[in-house]
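Atom set for the values below is all heavy atoms of this structure, side chains included, hydrogens, waters and symmetry mates excluded. Numbers restart at 1 for each chain; the letters A, B, ... are given by sequence-line order, proteins then strands.
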Protein chains: 2
Amino acid sequence: MPKLDESLLRPLPPFSKLDEGAIRAILDQATSRRFDKGAAVFDEGMPADNFYLLLDGTIRVVRITAEGEQVTALHIPAGQLFGIAKALGRDTYPATAIAASEVIALSWPMTLWQSYVSQYDGFATETYKIIGDRVGEMNARIVEMSTQHVEQRIARALLRLINQSGRKVTEGIEIGFPITRQDVSEMTGTTLHTVSRLLSAWEKDGLVTSKRKKITVRDPHRMVVLSGA
Amino acid sequence: MPKLDESLLRPLPPFSKLDEGAIRAILDQATSRRFDKGAAVFDEGMPADNFYLLLDGTIRVVRITAEGEQVTALHIPAGQLFGIAKALGRDTYPATAIAASEVIALSWPMTLWQSYVSQYDGFATETYKIIGDRVGEMNARIVEMSTQHVEQRIARALLRLINQSGRKVTEGIEIGFPITRQDVSEMTGTTLHTVSRLLSAWEKDGLVTSKRKKITVRDPHRMVVLSGA
DNA sequence: TCAGAAGTTTGCGCAAACGCAACGTTTGCA
DNA sequence: TGCAAACGTTGCGTTTGCGCAAACTTCTGA
């Protein structure tokens, strides 16, 4: 296990209210792991025996339908806990977590969860805030899917991605990990064809630039307008 | 406040692990309230100063878009807690709760939440299981909306409703509270026209019977098939 | 009891988005 | 270096489900 600095965890929500000793103790029980792009950190339905903290990279949380189609439920940006099934009373992971880029994560055996929750005071509260945020996000997704057209949904998806893991570059803001049209279509409930067409149109319009597995939003403000406020 | 029997709460998840004294104590702090059909128990964005336990009736949890369209996020069946914003670190209600039928609910000031969680052991865990279930339901909704056609979505919505609050009658299973085509369309992200057409077709087919504000599924099994397993 | 509100049905035309198919381009690996 | 796999583009026909409109039925309350 590499040497880990507690200053790494200090600013992150679940630890923000803990003292140095507590963080040190938690950190000592963690294992650092690396996952290649495309690798599954855990699979839907498997026993939830670890929980994770994403140090670097992005995680794509997907569910697979009976027909084998993938649906992306959520993206997890660096700095967040994930795989915290126990917090919701689950014994198995409710979805599959895939590394959208190369990923570094800390992992703890799930058996420690209970003790962290009872031992460290802010831990539970801060965790449930994260879950609250995710519930809010999911709710927003449902509303979108119910009322918005494909164009607006894709615009929102891109905005959400640049909010979470956008990088400022000279031409605008680019999404911080490799992403295909297929990926975007799985986030928005469309087909890769529709996404491709739309991105082409937007590119002609100067709204975005896109290379293979890379999308850069040149005009975020116009994108917000397009997304329907 | 009417006289309440603790045998009322005993079998419900959040209380199932508590002893009689604890239940009695919690019950003594509750206020019983009645809401007319269509009344809002609380509104999105308002300070979350009470949480509720639904004793009788059904609650419809809705969000309203910027354009004024309603989207139904969830239905809450009798026996469940709702309005538990604090559990997710919120200070305001994230959605509006409307009585789908006449409703009886117990309410507690949100200030008691913290003390129940810390004082009674099973309370938190059981509550988070409920939230876990709801997250799972929302996830399923997102997957559906992404991959299924209107017909399958409506079939699923009806199945979900009869699972939660179905009543066996001679012709089949009927939904236990008044529900309009508009309501169904708001649950499935369609229009009342499409729902009406579909129900008419199904009725001709012998799959359902429907009167004004009432839907009865005659052949649940065929409905499951239609819903796409 | 009767007027109007609320809920439902149905027809028709149309647009959004899908499905299929074929072809172009980049990348990684043998 | 060259080939196969992965990724992306684009055209065309088709379908689903929406939008609008009009008429009908059931319920409610003055």
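Atom CG of B:L192 is separated from atom P of C:dT9 by 10 Å (rounded to the nearest Å). Whole-Å rounding puts the A:R153 CZ to C:dA16 P distance at 14 Å. Remark: C1' of C:dT26 and NZ of A:K211 are 13 Å apart, rounded to the nearest angstrom. For the pair A:K214 NZ and D:dC7 C1', the interatomic distance rounds to 15 Å; values are reported in whole Å. Atom-to-atom, CD of B:E203 to P of C:dT10 comes out at 10 Å; the value is rounded to the nearest Å. Per the geometry, CG belonging to A:L198 stands 14 Å off C1' belonging to C:dC18, to the nearest Å. For the pair A:L199 CG and C:dA17 C1', the computed distance is 15 Å after rounding to whole Å. The separation between B:W202 atom CH2 and C:dT9 atom P is 13 Å, rounded to whole Å.
Among all heavy-atom pairs drawn from A:M223 and A:A155, the shortest one is SD-CB, 3.7 Å.
Classification of the A:F51-A:W113 ring pair by plane angle, with boundaries at 30° and 60°, yields perpendicular. Ring-plane geometry between A:Y93 and A:F42 is classed as parallel, the angle between the planes falling under 30 degrees on a 0 to 90 degree scale with a further cut at 60.
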For residues 64-87 of chain B, which side-chain donor-acceptor pairs fall under 3.5 Å, sequence neighbours excluded?
{"unit_1": "B:T65", "atom_1": "OG1", "unit_2": "B:E67", "atom_2": "N", "d": "3.3"}
{"unit_1": "B:T65", "atom_1": "OG1", "unit_2": "B:G68", "atom_2": "N", "d": "3.4"}
{"unit_1": "B:T65", "atom_1": "OG1", "unit_2": "B:E69", "atom_2": "N", "d": "3.1"}
{"unit_1": "B:T65", "atom_1": "OG1", "unit_2": "B:E69", "atom_2": "O", "d": "3.4"}
{"unit_1": "B:Q80", "atom_1": "OE1", "unit_2": "B:R134", "atom_2": "NH2", "d": "2.9"}

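Heavy-atom distances under 4.0 Å link DNA chain C to no residue of residues 60-76 of chain B.
Going from atom CG of A:L54 over to atom CD1 of A:I59 covers 5.5 Å, rounded to the nearest 0.5 Å.
In this structure, B:G38 reaches neither bases nor backbone, as no heavy-atom distance under 4.0 Å exists between it and the strands shown. Heavy atoms of A:T180 sit under 4.0 angstrom from primed sugar atoms or phosphate atoms, though from no base atom.
For the pair B:S200 and C:dT10, the criterion of a side-chain N or O lying under 4.0 Å from OP1 or OP2 is met. For D:dG8, the OP1/OP2 oxygens have no side-chain nitrogen or oxygen of A:S196 closer than 4.0 Å. Residue B:T194 places no side-chain N or O under 4.0 Å from the OP1 or OP2 atom of D:dG17.
Proximity of a side-chain donor or acceptor of B:D219 to a complementary backbone N or O of B:R222 within less than 3.5 Å is detected.
Applying salt bridge (Lys or Arg N to Asp or Glu O under 4.0 Å) to B:E174 and the options B:K211, B:K213, B:R218, B:R167 leaves one that passes, B:R167.
In the interface, the side chain of B:H193 is not paired with the base of C:dT8 through any donor and acceptor atom under 3.5 Å apart. Donor-acceptor pairing under 3.5 Å, judged by distance alone, is present between the side chain of A:R197 and the base of D:dG11.
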Between the protein and nucleotides 2-6 of chain C, which nitrogen or oxygen pairs are less than 3.5 angstrom apart?
{"unit_1": "C:dA6", "atom_1": "N3", "unit_2": "B:R212", "atom_2": "NH2", "d": "2.6"}

- Message: One pair to check against side chain to side chain contact (heavy atoms under 4.5 Å, CB included): B:V61 and B:T96. What are the steps and the verdict?
- Response: CA-CA 6 Å; B:V61 178; B:T96 299; over 6 Å; no
- Message: Is there a side chain to side chain contact (heavy atoms under 4.5 Å, CB included) between B:Q152 and B:L226? Walk through the geometry before answering.
- Response: CA-CA 6 Å; B:Q152 305 176 294; B:L226 249 182; over 6 Å; no
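Along DNA chain D, the nucleotide nearest A:R181 and the nucleotide nearest A:H149 are compared for position; the residue whose nucleotide lies closer to the 5' end is A:R181.
For A:K37, the NZ atom counts as loosely surrounded, since its 6.0 Å shell holds 12 or fewer non-hydrogen atoms of other residues, nucleotides or ligands.
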